[in-house]
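One structure is given here, and the rest of the page talks about it.
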Amino acid sequence: MAAAVIFDLFGTLLEIRNRQNPYRRLLRLGSQQGRGSSPDDIRWIMTNACGLQEAADFFGIKLSSIQLAELQRCLDDEIESITPFEDALPAIELLRHRKIRIGVCSNLGGPYCPVARNLLPGLDGYSLSAEVGLMKPDVAMYQHICTQLEVAPSQLPGSNASQVLMIGDSRRCDADGPRAVGIEGHHLDRSGAGRISDLREFVAGISNA
């Protein structure tokens with residue numbers, strides 16, 4: 001019996017058709033100014049609801065008004081290009097029809113959070129890293145979305161099936177990570193090389209009987 005399905009966002013439900021990578025551009029400007037980069041830089045951006053200027057201030061990166069305007073244009077262009085995949089909304093509607101709770105659990109920067117909520121309104125739970133202050137594959141991130149969905153991430157007694165499923169395009173964050181808390185994780189490979197390449201087919205195979 002499936003009680004809930006959790007989706008990743010980008011690469012799974014939503015696609016960015018015009019990638020500009022404004023925050024990576026910001027960090028490159030920092031490198032040009034002699035600032036050493038750190039693996040924690042992206043984590044900070046993903047777990048703090050900040051804009052470009054706030055991120056620059058935190059990292060000690062100096063931006064001219066022209067540089068800030070250019071980065072903001074890149075961010076705006078990228079956000080404007082975000083759209084649901086063709087199979088995303090039909091898959092969500094099928095889950096709604098079956099009375100299965102729906103959540104999203106995603107690593108993304110602050111400016112992208114309201115866009116995701118606007119494009120995918122009315123879901124039962126949103127666990128977005130910049131809002132929560134956590135990041136997949138942290139166990140607490142999966143626990144957070146399950147709390148929002150009011151479901152227990154564990155297998156049902158006497159069954160091999162989990163009552164909570166997750167799917168996304170990252171094996172580490174969406175397939176392997178959720179399993180640490182009892183969520184049945186699945187990898188979405190839109191190239192067609194993997195077992196699952198379409199969300200409609202995935203949802204059609206879920207039973208809530």
Side-chain angles (χ1 to χ4, degrees), residues 6-82 103-120 123 125-148 153 166 168-181 183 185 187-188:
I6 303 165
F7 293 96
D8 170 53
L9 282 177
F10 293 106
T12 304
L13 291 176
L14 304 177
E15 64 175 325
I16 299 174
R17 295 187 171 180
N18 182 14
R19 284 198 174 273
Q20 297 289 321
N21 300 311
Y23 285 92
R24 292 189 184 277
R25 293 189 186 203
L26 172 66
L27 294 175
R28 283 200 294 270
L29 286 174
S31 296
Q32 294 169 11
Q33 295 174 13
R35 177 186 178 273
S37 61
S38 166
D40 291 333
D41 291 347
I42 295 298
R43 181 179 183 86
W44 189 90
I45 291 169
M46 293 288 191
T47 55
N48 287 272
C50 66
L52 290 161
Q53 185 64 68
E54 292 87 350
D57 291 343
F58 177 82
F59 293 124
I61 300 172
K62 296 180 180 179
L63 294 177
S64 68
S65 58
I66 294 175
Q67 288 173 322
L68 179 59
E70 174 62 16
L71 288 174
Q72 187 62 52
R73 182 193 64 76
C74 290
L75 176 60
D76 293 343
D77 287 349
E78 187 166 282
I79 285 176
E80 182 66 25
S81 77
I82 297 173
V104 292
C105 183
S106 184
N107 296 337
L108 72 170
Y112 300 84
C113 295
V115 180
R117 288 177 177 273
N118 288 337
L119 289 174
L120 302 167
L123 302 185
Y126 299 83
S127 190
L128 310 179
S129 63
E131 297 177 349
V132 179
L134 299 166
M135 190 173 175
K136 298 182 301 184
D138 291 352
V139 168
M141 187 70 161
Y142 308 114
Q143 293 171 333
H144 181 273
I145 185 61
C146 286
T147 297
Q148 285 200 344
M166 181 166 183
D169 66 328
S170 168
R171 289 189 182 277
R172 177 170 178 259
C173 293
D174 306 318
D176 299 336
R179 293 170 187 159
V181 295
I183 296 171
H187 179 235
L188 175 69

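Keep in mind it's a predicted model, so treat the numbers as computed, not measured. Below, all heavy atoms of this structure are taken into account, side chains as well, without hydrogens, waters or symmetry copies.
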Give a yes or no on whether the backbone of Gly185 and the side-chain of Arg179 come within a donor-acceptor separation of less than 3.5 Å.
-> yes

Kindly indicate whether the side chain of Gln72, heavy atoms from C-beta on, has any atom under 4.5 Å from the side chain of Leu75.
-> yes

Atom of Ser81, atom of Asn18 and distance for their closest heavy-atom approach = OG-N, 3.0 Å

Evaluate the criterion side-chain contact (heavy atoms from CB on, under 4.5 Å) for residue pair Tyr112 and Ser106; output intermediate values, then yes/no.
-> CA-CA 11 Å; Tyr112 300 84; Ser106 184; over 6 Å; no

Have Gln20 and Arg25 got a donor and an acceptor in their side chains that come within less than 3.5 Å?
-> yes

Can you check whether Leu134's main-chain N or O pairs, donor with acceptor, with Thr47's side chain at less than 3.5 Å?
-> no

Any sub-3.5 Å donor-acceptor pair from Asp41's side-chain atoms to Ser37's backbone N or O?
-> no

Determine yes or no for a side-chain-to-main-chain donor-acceptor pair under 3.5 angstrom, with Arg171 supplying the side chain and Asp176 the backbone.
-> no

Hey, is the main chain of Lys136 close enough, under 3.5 Å, to the side chain of Asn107 for a donor-acceptor pair?
-> yes

Is the closest side-chain donor-acceptor distance between Glu131 and Tyr126 under 3.5 Å?
-> no

Which value, rounded to the nearest 0.5 Å, describes the distance between Leu52 atom CG and Leu63 atom CG?
-> 8.0 Å

Out of curiosity, Leu128 CG to His144 NE2, how far, rounded to the nearest 0.5 Å?
-> 9.0 Å

Check the pair Ile183, Cys146 against side-chain contact (heavy atoms from CB on, under 4.5 Å), reporting the backbone distance first and the verdict last.
-> CA-CA 9 Å; Ile183 296 171; Cys146 286; 3.7 Å; yes

Judged by atom type as modelled, is there a donor-acceptor pair below 3.5 Å linking the side chain of Glu15 to the main-chain atoms of Ile82?
-> no

Non-hydrogen side-chain atoms of Ile145 and Met166 separated by less than 4.5 Å | no

Mind running side-chain contact (heavy atoms from CB on, under 4.5 Å) on Cys50 and Phe58 for me, showing each step along the way?
-> CA-CA 10 Å; Cys50 66; Phe58 177 82; over 6 Å; no

Minimum-distance pair of heavy atoms, taken over all atoms of Tyr142 and Cys105 = CD2-SG, 4.3 Å

Heavy-atom check, side chain of Ser38 versus side chain of Phe59, under 4.5 Å = no

So, His187 side chain and Asp169 main chain: donor-acceptor pair closer than 3.5 Å or not?
-> yes

Between the CD atom in Glu78 and the CD1 atom in Ile16, the distance rounded to the nearest 0.5 Å is 4.0 Å

Check the surroundings of atom CD in Glu80: do more than 12 heavy atoms from other residues, nucleotides or ligands lie under 6.0 Å from it?
-> no

Do Leu13 and Asp8 come close enough that some side-chain heavy atom pair is under 4.5 Å?
-> no

Is the shortest heavy-atom distance from the side chain of Leu27 to the side chain of Arg35 under 4.5 Å?
-> yes

Working for side-chain contact (heavy atoms from CB on, under 4.5 Å), residues Val104 and Ser127 | CA-CA 6 Å; Val104 292; Ser127 190; over 6 Å; no

Quick check: are there more than 12 heavy atoms from other residues, nucleotides or ligands sitting under 6.0 Å from CZ of Arg73?
-> yes

What distance do Glu54 atom CD and Ile45 atom CD1 have between them, rounded to the nearest 0.5 Å?
-> 12.0 Å

Salt bridge between Arg43 and Asp138, side-chain N to carboxylate O under 4.0 Å?
-> yes

Gap separating the CG atom of Leu68 from the CG atom of Leu71, nearest 0.5 angstrom = 6.5 Å

Would you say the side chain of Cys113 lies within less than 4.5 Å of the side chain of Leu108, judging by non-hydrogen atoms?
-> yes

Does any non-hydrogen side-chain atom of Met141 lie less than 4.5 Å from one of Met135?
-> no

Euclidean distance, Arg28 CZ relative to Tyr23 OH, rounded to 0.5 Å = 14.5 Å

Side-chain heavy-atom pair Leu14, Thr12 within 4.5 angstrom cut-off = no

